[in-house]
Amino acid sequence: MSENTETTGYAFAEAEPRWQRAWAEAHLFDVPDVPAPGTPTYYVLEMFPYPSGQLHMGHVRNYTLGDVVARYKRARGFSVLHPMGWDAFGLPAENAARERGVHPAEWTFANIATMRATLQRLGFSLNWDREFATCEPRYYGLQQALFLDMLAAGLAERREAYVNWDPVDHTVLANEQVIDGRGWRSGAPVEKKKLSQWFLRITDAAESLLSGIDTLTRWPERVRTMQARWIGRSEGAKVQFALADGSDARIEVFTTRPDTLFGMSFLAIAPEHPIAARVAASDAKAAAFIAECAALGTSEAAIEQAEKRGYDTGLRVAHPFIEGATYPVWIANFVLMEYGTGAIFGCPCGDQRDLDFARKYGLDVPVVVLPPGEDASSFGVGDTAYDGDGTLIRSGFLDGMDFATGRRAAIERLESIGAGEGVVNWRLRDWGVSRQRYWGCPIPIIHCAACGPVPVPHEQLPVELPADVRFDLPGNPLDHHPSWKHVACPACGAAAVRETDTFDTFVDSSWYFARFASPHAPTPTDPDAARAWLPVDQYVGGIEHAILHLLYARFFTRAMHRTGHVSVDEPFAGLFTQGMIHHETYRDASGWVAPDEIVRTAGGATRRDSGAPVEIGRVEKMSKSKRNTIAPAPIIERFGADTARLFVLSDSPPERDLEWTEAGVTGAARFGQRLWRLVGRIAEEAKAGDTQAAEVPESYGEAADTLMRATHRTIAALTEALETFTFNVGVARLYEFANALAEAERAEPTPDLVWARREAARTLCLLIAPMMPHLAEEMLSRLEPGGALAASRAWPEADPGWLAARSVKLAVQVMGKLRGTIEVAPDASEADVLALAEAEPNVARLIEGRRVVKRIYVPNRIVNLVVAG
RNA sequence: GCGGGCGUGGCGGAAUCGGUAGACGCAGCGGACUCAAAAUCCGCCAUUCGCAAGGAUAUGUCGGUUCGAGUCCGACCGCCCGCACCA
């Protein structure tokens, strides 16, 4: 394989930047914020990148997929919004500051410059004039305005909540930053700490977020399922249990099975439950048990999960239905404070966890559900609970009822005696957005001793981050800053302090798609622009954002709708989730070896430097730790942007994982060169015989006819492939079309064929333009010097007249087995076709002397003869 | 455990509404060009029996529906992903 462009013909290194300049000069990808009325619009968006410093192959795939859609839709006559920006706040910038002493802003903008250059080198049809980074005050200042509007609308509130606290770094950690109960940076044991935090009331929108999933018909089913499960609606009842200690204290329990209340054996509360704390105050053993549970932390919970443990508080509660009956109250490690009410009633016969617990501590196991077909006198529960439907027994007024009836009756009774009510419980929790970090959007609040938390007045926005901060102290640099936080209270004028927390970076990415519609508007959105462009018609990104980002964005859109910033509830009408990029792994005695350090040989691989053998490992997701990443920039350098683009589109369906191989890349490069030569020859020929090929032929000879049919079949196939996101099939159809063009070179170049070849070549340029846009321009300009840019031309239309086949090859089966094929006219009569089929020599041989009892004829498909005997 | 997805040649994958399984590419093999190589162009390429004509077997396994099943139904096996004590 040659790495020298000069020997391979098409000089992409020179051509690609040239066409990129031509597109920019023609302003082909610019669109107005508010398009003229009646303009068909299409909004294509890929998830914007975090500016880590280097574009990776996942980005190349992501943005190529989006660019294919954008260019195709543009060719179909849509005004296409296809913007790009930077998800620029976040911890890595602060880490760089701590480790290398470079300011987060400097680090971030340098990274953006590098990555923007690579993106531009790839030739994406982006509206670069709409670019912004979320760390710019012109963006985050408007985010602060949005927050204040939401606060005023009751969508945000301040409340106390537990957080993972790193006592060394003085910072809050996200769950994924807690490893084995310790902070990922400091290694210190993480504490649960109660802090005042800002919350966005996403739970208010739970019902709407859940029902809205039904309208997202162009989302992958599994993302919809994951979201629905995350929101987690469950119907049941809250039940009050009065403590049997003479006080009027009650413990509230959530259950989805109020019908099994008569199967109660105990009540269990979470270790963090207030009653547990009350017990612990006077019971050292209880306190020790609670401390033990807390020490396990969230991550080790998984390991200890199998083991159910509890502590009997000695308290007892009364049963709401059974006069005089009381049950023990346990503290149990498997009861979660965060879900429901943090307390459960234990019904061992119908719940495996309760049964495990009851068996371990020798508690009663009353059987109250009789599975269908079982006998009440003989049915018992061993070590497996029965949670299916059945008939209620030993359940007082519920006896004989099924699950649904029993539940209704139980709730009715609970409500009538004031001991509970039917409720809907959600797994979704409110979204805590406070982070004790510097490199984020400041929360626009001022804390005043007299007035409490006061919103920063709109005219004082943006609250800008101070540039002069120190990273050599633990904790939040904003907090250490000598002057920044000290301000006058906007309400009373007294000395007050700014909120030093910043927003979770998921907030930044929850509305950027709306800002892209009018990135220079003085308000967060321009209502006309938002109405014109939203929702995003096609969103493209990684499956890893299936839940959080997409759910937050859906919530934010609802909140922005309510506060008058947009007029839709759902941000993304269509969603496509791409697969990851994989690569072979290599290792030797020293550990993982990178692909550019090895030489692939016939039987294996060796080190480039020493020639020592290297073990070839599994094909795995590209990752730094396995050192199996391929950087896009050198690939573009060696093979060109179009080759990189074509490769990520070919072979694998976009939603599936793609294996990056050297052979695959060189294959894609070869195809580009082959097209260039093929079209080049046609351009030369057309030039030589100009007058001959200028007119539309009156009739076509066989070769021209075949090529014309191939051309229009390919138009239809590509259109279908691009509409259905089966780009790999589209690439295959283009290969076939190139083969057809090559085939046509072998026939006598009569004027009709010359014309057909030129038509085919021109069509090929337009069809390949969304995938290999530079090559398309280069080829088209050779074919039609001085003609319009491919990127400005309309998508070709398939002529139905050319789509019909001249003749059809039919399969002929006998008894369902293929025995031959026949060639028939598409409009041949059934009788003719059957006669021809039975005359086919091999078929005739097989049916000879036997009676054909049934003849099946599916036009254009198949003939099947069923014979007797 | 629960939820979702996927099993097709040496490899990535294709196959409309149930209608010729393996498109297209990669790898491999043969040929042309060349002093030679690279590049390029042409051809072959599921397995198996057969000189051939043709036949048999094949879409994870077993069974079913059907004139006909990769596709539909049932059971099972394997792999991947997500969630995971959610009451």
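Reminder, nothing fancy here: chain letters follow the sequence lines and each chain counts from 1. Here the structure is a predicted model, which is why all the values come from computation and not from measurement.
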ask   = Considering Watson-Crick and G-U wobble pairs with both distances under 3.5 Å, what does B/rG30 pair with?
value = B/rC42

request  = Scan side-chain atoms only and decide if A/Asn739 and A/Glu743 contain a donor-acceptor pair under the 3.5 Å cut-off.
outcome  = no

ask   = So A/Phe357 and A/Trp330, would you call those rings parallel, tilted or perpendicular, with 30° and 60° as cut-offs?
value = perpendicular

query = Which value, in whole Å, describes the distance between the P atoms of nucleotides B/rU71 and B/rA21?
reply = 14 Å

query = Who does B/rA14 pair with, Watson-Crick or G-U, both distances under 3.5 Å?
reply = none

request  = Can you figure out which of B/rG54, B/rA87, B/rG3 approaches the side chain of A/Phe254 most closely?
outcome  = B/rA87

request  = Indicate whether OP1 or OP2 belonging to B/rG13 is found under 4.0 Å from a side-chain N or O atom of A/Arg656.
outcome  = yes

ask   = So, is A/Asn864 close to the B/rU20 phosphate, meaning a side-chain N or O under 4.0 Å from OP1 or OP2?
value = no

task = For this output row, return yes or no: ring centroids of A/Phe737 and A/Tyr735 closer than 6.0 angstrom.
result = no

Separation of B/rC26 P from A/Trp660 CH2 (nearest whole Å) = 16 Å

query = Expressed in whole Å, how much space separates the P atoms belonging to B/rA56 and B/rG70?
reply = 16 Å

request  = Using only side-chain N and O atoms of A/Asn860, determine if any of them is under 4.0 Å from OP1 or OP2 of B/rU16.
outcome  = no

request  = Write down the partner of B/rA56 under the Watson-Crick or G-U wobble criteria, each distance required to be under 3.5 Å.
outcome  = B/rU47

task = Quick one: label A/Val335 by what it contacts on the DNA or RNA (base, sugar-phosphate, nothing), any heavy atom closer than 4.0 Å.
result = base

ask   = Rounded to whole angstroms, how far apart are NE2 on A/His545 and P on B/rC81?
value = 18 Å

query = Going through the checks in order, is the ring pair (Phe, Tyr, Trp, His ring centres under 6.0 Å) test met by A/Trp219 and A/Phe576?
reply = CA-CA 7 Å; A/Trp219 279 41; A/Phe576 188 87; over 10 Å; no

query = A/Arg861 has an atom CZ; how far is it from atom C1' of B/rC67, in whole Å?
reply = 17 Å

message = So, does A/Arg670 get its side chain near the phosphate of B/rG25, meaning an N or O under 4.0 Å from OP1 or OP2?
response = no

message = Would the distance check show the side chain of A/Asn864 and the main-chain N or O of A/Tyr857 forming a donor-acceptor pair, the cut-off being under 3.5 Å?
response = no

Watson-Crick/G-U partner (both atom distances under 3.5 Å) of B/rG7 = B/rC77

inquiry  = Using a 4.0 Å heavy-atom cut-off, does A/Asn425 contact any base of the nucleic acid, only the sugar-phosphate backbone, or nothing at all?
reply    = nothing

inquiry  = With a 6.0 Å cut-off (strictly less than), is the heavy-atom count around CZ of A/Arg218, excluding the residue itself, greater than 12?
reply    = yes

query = Which listed nucleotide (B/rA23, B/rA87, B/rG55) is nearest to the side chain of A/Glu736?
reply = B/rA23

task = By nearest nucleotide on RNA chain B, pick out whichever of A/Glu659 and A/Thr256 is the more 5' one.
result = A/Glu659

query = Taking atom C1' of B/rC67 as reference, at what distance in whole Å does atom CD1 of A/Ile847 sit?
reply = 15 Å

key: A/Arg677, nearest nucleotide to its side chain (from B/rG54, B/rU20, B/rC41)   = B/rC41

inquiry  = Quick check on B/rC17: syn or anti? Syn means the glycosidic torsion is within 90 degrees of zero.
reply    = syn

task = Please state the C1' separation for the pair B/rG25 and B/rA32 - nearest whole angstrom.
result = 23 Å

request  = Starting from P on B/rC24, measure out to CD1 on A/Ile768 and report it in whole angstrom.
outcome  = 17 Å

request  = Ignoring the backbone of A/Ile856, work out which of B/rC67, B/rA23, B/rA87 is nearest its side chain.
outcome  = B/rC67

ask   = Does a nitrogen or oxygen in the side chain of A/Arg819 sit under 4.0 Å from OP1 or OP2 of B/rA56?
value = yes

inquiry  = Just to verify, which of A/Phe345, A/Phe262, A/Phe241 counts as forming a ring-ring contact (aromatic ring centres under 6.0 Å, His included) with A/Phe321?
reply    = A/Phe262

message = Using the side-chain heavy atoms of A/Phe334, tell me which of these nucleotides is nearest: B/rA87, B/rG13, B/rC85.
response = B/rC85

task = Rounded to the nearest angstrom, tell me the gap between atom CZ in A/Arg427 and atom C1' in B/rG82.
result = 11 Å

request  = Using atom CZ of A/Arg407 as one end and atom P of B/rA87 as the other, report the distance to the nearest whole Å.
outcome  = 11 Å

ask   = Hey, is the side chain of A/Arg309 poking within less than 4.0 Å of OP1 or OP2 on B/rC85, counting only N and O atoms?
value = no

query = Taking atom types as modelled, is there a side-chain donor on A/Tyr339 or A/Ser234 under 3.5 Å from an acceptor on the other?
reply = yes

query = When you compare B/rU48 with B/rC67, how far apart are their P atoms, in angstrom units rounded to a whole number?
reply = 35 Å

ask   = Base, sugar-phosphate alone, or nothing: which one does A/Arg224 contact when heavy atoms must sit under 4.0 Å apart?
value = nothing

query = Looking at B/rU20, B/rG82, B/rA14, which one has an atom nearest to any side-chain atom of A/Asn728?
reply = B/rA14

task = Give a yes or no on whether the backbone of A/Met815 and the side-chain of A/Gln813 come within a donor-acceptor separation of less than 3.5 Å.
result = no

query = Does the distance from a Lys or Arg side-chain N to an Asp or Glu carboxylate O, for A/Arg713 and A/Glu736, drop under 4.0 Å?
reply = no

query = B/rG9: syn or anti, with syn meaning chi within 90° of zero?
reply = syn

query = Rounding to the closest angstrom, what is the interatomic distance between B/rG12 and B/rG18 at atom P?
reply = 27 Å

Nearest-Å distance once atom C1' is located in both B/rU16 and B/rA23 = 14 Å

remark   = Per nearest nucleotide of RNA chain B, the residue lying toward the 5' end, A/Gly342 or A/Leu810, is A/Leu810

inquiry  = Taking only the P atom of each, what is the distance from B/rG63 to B/rA46 in whole angstrom?
reply    = 28 Å

note = Of B/rA14, B/rG13, B/rC86, the nucleotide closest to the side chain of A/Arg353 is B/rC86

request  = Write down the partner of B/rC83 under the Watson-Crick or G-U wobble criteria, each distance required to be under 3.5 Å.
outcome  = B/rG1

key: Basic-acidic side-chain contact under 4.0 Å: A/Arg733, A/Glu720   = no

ask   = According to a strict under-4.0 Å criterion, is A/Tyr339 in side-chain N/O contact with OP1 or OP2 of B/rA87?
value = yes

remark   = With sugar-phosphate taken as primed atoms, P, OP1 and OP2 and all else as base, the protein-contact string of nucleotides 42-48 of chain B at under 4.0 Å (heavy atoms; B, S, -) is SS-----

query = Nearest to the side chain of A/Tyr735, which nucleotide is it out of B/rC85, B/rC24, B/rA23?
reply = B/rC24

inquiry  = What contact category does A/Lys817 fall into here, base, sugar-phosphate, or nothing, at under 4.0 angstrom with non-hydrogen atoms?
reply    = sugar-phosphate

message = With a 4.0 Å cut-off on N to O distance, would you call A/Lys621 and A/Glu544 a salt bridge?
response = no

key: Rounded distance in Å - CD1 (A/Ile862) to C1' (B/rU16)   = 15 Å

query = Does OP1 or OP2 of B/rG13 have a side-chain N or O of A/Arg733 closer than 4.0 Å?
reply = no

query = Taking the P atom of each, how far is B/rC62 from B/rA52, in whole Å?
reply = 31 Å

ask   = Across the strands shown, which category fits A/Val866 at heavy-atom distances under 4.0 angstrom: base, sugar-phosphate, nothing?
value = sugar-phosphate

ask   = Taking only side-chain nitrogens and oxygens of A/Lys854, does any of them come within less than 4.0 Å of OP1 or OP2 of B/rU66?
value = no

